[in-house]
Every structure is written in C-alpha cells, then in structure tokens.
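Worksheet: the structure to be examined is printed underneath.
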Amino acid sequence: MAVKIVRQPKKIALIGAPSSAAAFLAGSEKAPAALRAAGLVERLQSTGYEVIDHGDCAPRLFADDDEHRRARNLKEIVAGLNDLKLRAELAVKSGALVLVLGGDCAQVIGLLTGVRRYYKHVNLLWFDRDADLNTPASTPSGRIDGMVVAHVIGRGAPELVRFFGESPLVREPDVTLFGLERLDPPEQEFLSKSPMRHIDAADVHAKGGSAAGRDGLTYVHADAHEFVLHLDTDVIAVDEFPAVNVPGADGLRMADVRAALGEFAKHKNLLGLVVAQYNPDRDPDGSGAKILVDLLVETLSARLEAPAAPAVEPAADTPAISSSETSA
C-alpha cells in the first residue's frame, strides 16, 4: 500500500529529543529546552513558517554504565529512539520539514527510521568533524555517539542495527560525510575501503562553504533521492561555538558552516534535519543558544525562497508498516 505525501514547503515539524545517553558528557539533554527558550519557534514563525510542535520525547540521561563498557546506555538509547520514531513518523507523513532538536547524535537513527516508514530509499548527509564509524568492537570509549554512522550502515550492536527491522538503514554509497577532520585509526581503515564519499574540513576551507556544500549535495545524490541532514555543532570552530561536548582545535568557520547549510537547507529533497551536541551546561550565559538559533533561522529562511518540492508517492511495493514493525 503506497502513501502519498504532499510536501508542505512552509511548514516545519519540530521535535525535541532531550538525550545525552549516547553522549560523552551530560548536558545535551537540555538543548531542546534551551533552544526553545532562546526563541527558535517564534523566530521561525516570523520568517513565514508554520511550526507544528510535536513536543519533547522523555529525557534519556548520560550515565557511565560501566557494566556495558563496549556500548554504554544501550537500553536507554533504544527506548528514546522508539519514542522519537513515533513522533517522526507523524511529522514525516505531514509533509513538513522535520527539525529534531537533540540531544546526542544517536537521535538521527530515530528520524531516519521515521522517514523509512514512508520512503523506501533515503540518503544521509552527515555534517560533522567526526566520522562516528567505530563499533563496540573498536570503540575507545563505549559511547554510542562515536558509533552512530556505523550503526546506520549496519555495523555494530544488533539492537541498533536492526532498529528499523531492515539493515542497513542507509546504504554506504548513500552516506556522505561532510566537514570530516577527526578519525580514529579503525575508522580511517574502514573509510579507505568504503564506498562512502567524504569531504574533509580542509576541502571546505579551500573551496568555501557554498561550493563545498554543492559538492556534498552531488555526492549524496540529492537530486535523485530524498535525504536527511545531521548537524553536529562541534564541526564549528571552537572559538566561535565552544558550547559542545567534544571541542577541538580548528573546525569550520561559522561563515562556511552557514553557507554550506544554506545550500543543504534549500534543496527540495531535504526531508529532515537533526541538530546535535549543543550543551547548555557549557553555555552559562546562553550566548551559544542565540548563535545556534540565528544559524538555524537564517539557513532555513533560504528554503522558503527555493522552488517547492512536488508531492511524492513511494513505489507501489513500499509496504505500509505498523509502528510495532519498525522497532528493534
């Protein structure tokens, strides 16, 4: 049974995913509330969007979980993703652009699963200085945030690899890593043999954000397939945005991040955006929240000026899957 989804270019479906269970530090679970308090909804409305707020999932909190050192807090992560998946399914079906406020990076699995409820083929544009390609076998930390892409492509803990019910959630050739700067040796070895495409931070510096962003859209086959965008805020240079869990030297200048995001946001085949790793505990004066709200509003405003996407009807052999069938 096929389901026709009529895209709504002037609507945003907002979901809060207050989780730090997959993260390296506590605090990112406070991000959805902090971004709302900084005026995100009102600012988006003032640009011309209708914002449908699907509320927040139940908080899932950071813990050391030394009993499961290879995949910490896995039960809490899966429980949170089941909550997010249900909200994401409703949001995707509405035809609005889905904006997920995380939280940790693992939340992209919940959004992708909601998208796959209706779209047989979806690609992933991973905007992050880290590849997150470790697995429980190779991880130096046990934190799932360092393994998210690996699980999306079908490598890692069965509870996440099979979360959608089919593996992989996204095929390796359909994932593009953008802004890449930090790789552990096992990740480097895997990426050297993988069909995944990647654009390093050095390439973005050299070409500029807009040109590199257009390359990223080409690599992720955006003109041919719908895609989800994941933004890890630690990709931004630490002197311009320090309120993240794992800051590092270098990073991309805010101007290049803004330019690349503008290219991504205005593409007609963008279905959803996950914002991750902003940590209000490292932002005592709230200035980081204001910067991030400015960034999101400016880049999403460009989408209102782009040509509208047509209604999409998935292939006739795409099954209508019940919520229970999409769980791990």
Side-chain angles (χ1 to χ4, degrees), residues 12 14-47 51 53 55-64 73 80 84 99-108 126-130 132 141 143-146 148 179 181-182 201 209 229-261 265 273-301:
I12 287 178
L14 185 68
I15 306 173
S19 177
S20 56
F24 289 80
L25 291 172
S28 58
E29 75 280 357
K30 302 174 184 177
L35 293 172
R36 283 197 175 94
L40 176 62
V41 173
E42 295 80 5
R43 292 279 306 281
L44 288 170
Q45 289 170 334
S46 71
T47 67
V51 180
D53 196 335
D56 285 359
C57 304
R60 305 291 170 176
L61 303 181
F62 174 91
D64 284 331
N73 301 320
L84 175 56
L99 175 57
V100 177
L101 305 178
D104 54 53
C105 291
Q107 304 314 303
V108 76
W126 186 261
F127 196 171
D128 192 336
R129 71 164 66 193
D130 300 292
D132 293 348
S141 69
R143 296 291 171 194
I144 296 295
D145 259 1
V148 175
E181 195 169 43
R182 296 187 295 212
L229 172 62
H230 171 88
L231 172 65
D232 185 326
T233 53
D234 72 18
V235 77
I236 306 169
V238 68
D239 61 315
E240 294 190 78
F241 195 80
V244 296
N245 286 338
V246 190
D250 301 320
L252 298 181
R253 307 313 306 177
M254 182 66 80
D256 283 333
V257 172
R258 184 180 296 110
L261 279 177
L273 163 63
V274 179
V275 181
Q277 295 298 345
Y278 163 59
N279 189 335
D281 282 353
R282 295 191 160 196
D283 185 29
D285 63 358
S287 60
K290 294 177 182 177
I291 290 169
L292 188 49
V293 166
D294 286 345
L295 176 64
L296 292 172
V297 171
E298 181 175 342
T299 56
L300 290 171
S301 295

Assess the residue pair Y278 and F241 against the criterion (side chain to side chain contact (heavy atoms under 4.5 Å, CB included)); give the C-alpha distance rounded to whole Å, side-chain angles, the decisive distance to 0.1 Å, and a yes or no.
CA-CA 9 Å; Y278 163 59; F241 195 80; 3.7 Å; yes
Quick one about S19 and D104 (side-chain donor to acceptor, distance below 3.5 Å, no hydrogens or angles considered), yes or no?
yes
State, to 0.1 Å, how close D234 and R182 come at their nearest heavy-atom pair, and which atoms those are.
OD2-NH2, 3.4 Å
Looking at R253 and E240, is any side-chain nitrogen of the basic one under 4.0 Å from a carboxylate oxygen of the acidic one?
yes
Short side-chain to backbone donor-acceptor contact, E29 and R60, under 3.5 Å
no
Would you say D53's side chain and G55's backbone share a donor-acceptor pair under 3.5 angstrom?
yes
Working to the nearest 0.5 Å, report the span between CZ of R43 and CG of L300.
11.0 Å
Treating D56 as the side-chain partner and P32 as the backbone partner, does any N or O pair qualify as donor plus acceptor under 3.5 Å?
no
Any idea which heavy atoms bring E42 and R36 closest together, and the distance?
OE1-O, 4.3 Å
When rounded to the nearest 0.5 angstrom, what distance separates CG in L295 from CD1 in I236?
6.0 Å
Using the six-membered ring wherever Trp is involved, compare the ring planes of H230 and W126 and label them parallel, tilted or perpendicular (cut-offs 30° and 60°).
parallel
So, do L273 and V100 sit near enough that their side-chain heavy atoms are less than 4.5 Å apart?
no
Using side chain to side chain contact (heavy atoms under 4.5 Å, CB included) as the criterion, point out the one residue from L229, L101, V108 that pairs with V274.
V108
If you look at every heavy atom in P280 and A34, which pair is closest and at what distance?
CG-CB, 3.8 Å
So, D232 side chain and V275 main chain: donor-acceptor pair closer than 3.5 Å or not?
no
Would you say that V297 contacts L44 through its side chain, given a criterion of any heavy-atom pair below 4.5 Å between the two side chains?
yes
Quick one: does any side-chain atom of S20 pair with a main-chain N or O of A26 as donor and acceptor, under 3.5 Å?
no
Do you know the tightest heavy-atom contact between V293 and A38?
CG2-CB, 3.8 Å
Would R143 and D64 pass as an ion pair if we require N to O under 4.0 Å?
yes
Within a strict 4.5 Å, meaning less than it, do heavy atoms of the L40 and L99 side chains meet?
yes
In short, N73 meets A63 closest at the heavy-atom pair ND2-O, 2.9 Å
If I take atom OG from residue S287 and atom CG from residue L292, how far apart are they, to the nearest 0.5 angstrom?
11.5 Å
Check residues 242-250 and write down every donor-acceptor pair under 3.5 Å in which the side-chain atom is one partner and the other belongs to a residue at least two apart or another chain.
residue, atom, partner, partner atom, Å
N245, OD1, N279, ND2, 2.6
N245, ND2, Q277, OE1, 2.7

Least distance between heavy atoms, G27 atom then D281 atom
CA-OD2, 3.4 Å
Taking side chain as C-beta onward, heavy atoms only, is E181 less than 4.5 Å from L252?
no
Do the side chain of D145 and the main chain of C105 share a donor and acceptor less than 3.5 angstrom apart?
yes
